[in-house]
Protein chains: 2
Amino acid sequence: MKIEEALKINSGLDLSSKTLINIQYTSRLLEEKFAALLKEHGLSTPQFNVLRILRGQKGKPASLACIQERMVDRSSNTTRLVDKLIAKGMVERRICPANRRKVEIEITKPGLDLLKELDPLTKKTNAENASNLTENELLTLNDLLDKLRNDE
Amino acid sequence: MKIEEALKINSGLDLSSKTLINIQYTSRLLEEKFAALLKEHGLSTPQFNVLRILRGQKGKPASLACIQERMVDRSSNTTRLVDKLIAKGMVERRICPANRRKVEIEITKPGLDLLKELDPLTKKTNAENASNLTENELLTLNDLLDKLRNDE
DNA sequence: ATTATATATTTGTACATACAAATGTTGTAA
DNA sequence: TTACAACATTTGTATGTACAAATATATAAT
């Protein structure tokens, strides 16, 4: 379905506006599907992203600022996100001894296990959600998005 | 900046996953810029979208369900969104006489005036945010997104 | 007519987000 | 060494979102 039909846009919207709305609408649909998968395992999308980032640290603990830099979605209040993950036993937090303003956050064994369980499922879901496009089309789409963003 | 650099993704992420993350990351950046513009005029993005949809009705009042269908972003609790807009005097709500389960929501003169004021600004912002792509690239991007979504 | 089912919206609750202000820590300049 | 600015995180408050349950009205079945 084209974006005009999906959102029942009748009026003459200019191409730039239409494209930006299309990106946001598509993004929302993808996010909904992904969130549904994570929910079965008791995680929200931002919580999953924090775990994924921490695993990427390969043992090296991350500060809050370090996590925020790498988050896909808006991460206002990473403090409270981490609070939730601590409550679930997925991560640990301690004050950085070298710089007591900072905080060292690390993923726990149960957190790693959960990610390992999710790995094939997220990969499968993403593959399904992208299955309408060929490899070349995916490459083009990536390039266009990278180019679109190119300034900030 | 490519998506790998932007999110400092080191590990080998498959193309499908990378593309979907790229869409969501780009969407978030666009949304942030747009929200900043609206905020200067006292509106949130969902509130703006409701007003835009109501104007599209051209005088014909819309039910809640009708608004939800057309919303770009998730619209959980359109009731309370409309509450806020009523408090700002931008819309009116009354029970539909023909079907008392439904509600008729209509944009007010001040709501229309605000949209009119925003029209050139949103168009300008969108044009700027899409300015890195040529017309052909924008068309391609639209097509790829439409194709990607094609099933649900 | 009475009951059941479907439709449309509202309300409640938990959680997430935005943003400003507060807290505590470190580095630096007089 | 004291004062001040910069940094890193936390806390407060208002708003937004997700989702289930509640309410109210309309339609259908017996």
Side-chain angles (χ1 to χ4, degrees), chain A residues 24 27-29 31-51 61-88 90-106, chain B residues 24 27-29 31-51 61-88 90-106:
Chain A
Q24 292 178 66
S27 174
R28 176 199 144 201
L29 290 182
E31 156 61 13
E32 275 175 8
K33 289 190 197 173
F34 200 74
L37 166 64
L38 294 179
K39 204 192 167 191
E40 293 171 32
H41 300 264
L43 287 180
S44 68
T45 308
Q47 287 172 2
F48 171 77
N49 281 323
V50 170
L51 291 183
S63 68
L64 264 190
C66 166
I67 294 174
Q68 282 172 327
E69 264 188 331
R70 290 166 173 78
M71 291 283 282
V72 181
D73 40 81
R74 41 195 163 293
S75 54
S76 232
N77 265 313
T78 312
T79 297
R80 284 186 276 240
L81 254 176
V82 170
D83 287 345
K84 294 281 157 60
L85 288 170
I86 290 171
K88 290 178 185 170
M90 299 294 170
V91 310
E92 283 171 355
R93 175 175 51 196
R94 56 179 175 283
I95 290 171
C96 171
N99 184 341
R100 294 172 47 72
R101 283 173 299 187
K102 293 195 185 179
V103 98
E104 288 183 340
I105 300 158
E106 218 168 338
Chain B
Q24 292 178 64
S27 175
R28 175 201 145 201
L29 290 183
E31 157 60 14
E32 276 176 7
K33 290 190 198 175
F34 200 73
L37 167 65
L38 294 178
K39 204 192 166 190
E40 295 171 30
H41 299 263
L43 285 181
S44 69
T45 308
Q47 287 171 2
F48 171 76
N49 281 323
V50 169
L51 290 183
S63 68
L64 263 191
C66 165
I67 293 174
Q68 282 171 328
E69 265 188 331
R70 291 168 172 76
M71 290 283 281
V72 181
D73 40 81
R74 38 197 163 294
S75 54
S76 231
N77 266 311
T78 312
T79 297
R80 286 187 276 240
L81 255 177
V82 169
D83 287 344
K84 295 280 159 60
L85 287 170
I86 290 171
K88 291 178 184 170
M90 300 293 168
V91 309
E92 283 172 355
R93 175 175 52 196
R94 56 181 174 280
I95 290 170
C96 170
N99 183 340
R100 296 175 42 74
R101 287 174 298 187
K102 293 194 185 180
V103 96
E104 288 182 340
I105 300 159
E106 217 167 341

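Heavy-atom basis, side chains included; hydrogens, waters and symmetry copies ignored. Just so it is clear: chains get the letters A, B, ... in the order the sequence lines come, proteins before strands, and each one is counted from 1.
Closest approach of A/Leu38 and A/Phe48 over heavy atoms only: CD1-CB, 3.5 Å. Contact detail for B/Arg28 and A/Val72: the closest heavy-atom pair is CD-O, 2.9 Å.
If you take CD1 of A/Ile67 and P of D/dA8, they are 14 Å apart, rounded to a whole angstrom. At whole-Å resolution of the value, CZ in A/Arg28 and P in C/dT17 are 16 Å apart. In this entry the distance linking CG of B/Leu43 with P of D/dG16 reads 10 Å, nearest Å. Note: NZ (A/Lys88) to P (C/dA14) measures 15 Å, nearest angstrom. Atom CD1 in B/Ile95 sits about 17 Å away from atom P in D/dT23, given to the nearest Å. Taking atom CD on A/Glu69 and atom C1' on D/dA8, their separation rounds to 13 Å, with Å as the unit. Following rounding to the nearest Å, A/Asn49 (CG) and C/dT17 (C1') show an atom-to-atom distance of 15 Å. Atom CZ in A/Phe48 sits about 18 Å away from atom C1' in C/dA16, given to the nearest Å.
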Next item on the list: Mark up nucleotides 1-11 of chain C, 5' to 3', with B wherever a protein heavy atom is under 4.0 angstrom from a base atom, S wherever such an atom reaches only the sugar-phosphate, and - elsewhere.
Entry: -----BBSSBB
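Residues B/Leu85 and B/Leu43 are in side-chain contact: their nearest non-hydrogen atoms beyond the backbone lie under 4.5 Å apart. Contact annotation: the side chain of B/Leu81 approaches that of B/Pro46 to within less than 4.5 Å [non-hydrogen atoms, C-beta and beyond]. Side-chain contact between A/Arg101 and A/Ile95 is absent, with no heavy atoms from C-beta onward closer than 4.5 Å.
In this model, the phosphate group of C/dA16 is approached by a side-chain N or O of A/Ser44 to a distance below 4.0 Å at OP1 or OP2.
Among residues at least two apart or in separate chains, salt bridge (charged side-chain N to carboxylate O under 4.0 Å, His left out) pairs with a member in residues 90-100 of chain B are B/Asp83-B/Arg93, B/Arg94-B/Glu104, B/Arg94-B/Glu106.
With hydrogens and angles disregarded, a donor-acceptor distance shorter than 3.5 Å links the side chain of B/Gln47 to the backbone of B/Ser44.
With the nearest nucleotide of DNA chain C identified for both A/Lys84 and B/Ala36, A/Lys84 has the one nearer the 5' end. Taking the nucleotide of DNA chain D with the nearest heavy atom to each of B/Gln47 and A/Lys39, the more 5' of the two is matched to B/Gln47.
Here NZ of A/Lys102 is found 5.5 Å from OG of A/Ser63. Values are rounded to the nearest 0.5 Å. Atom CD of residue B/Gln68 and atom OG1 of residue B/Thr79 lie 7.5 Å apart, to the nearest 0.5 angstrom.
Rounded to 10 degrees, the angle separating the terminal axes of the helix from C/dA1-D/dT30 to C/dA30-D/dT1 is 0°, with each axis obtained from five end pairs.
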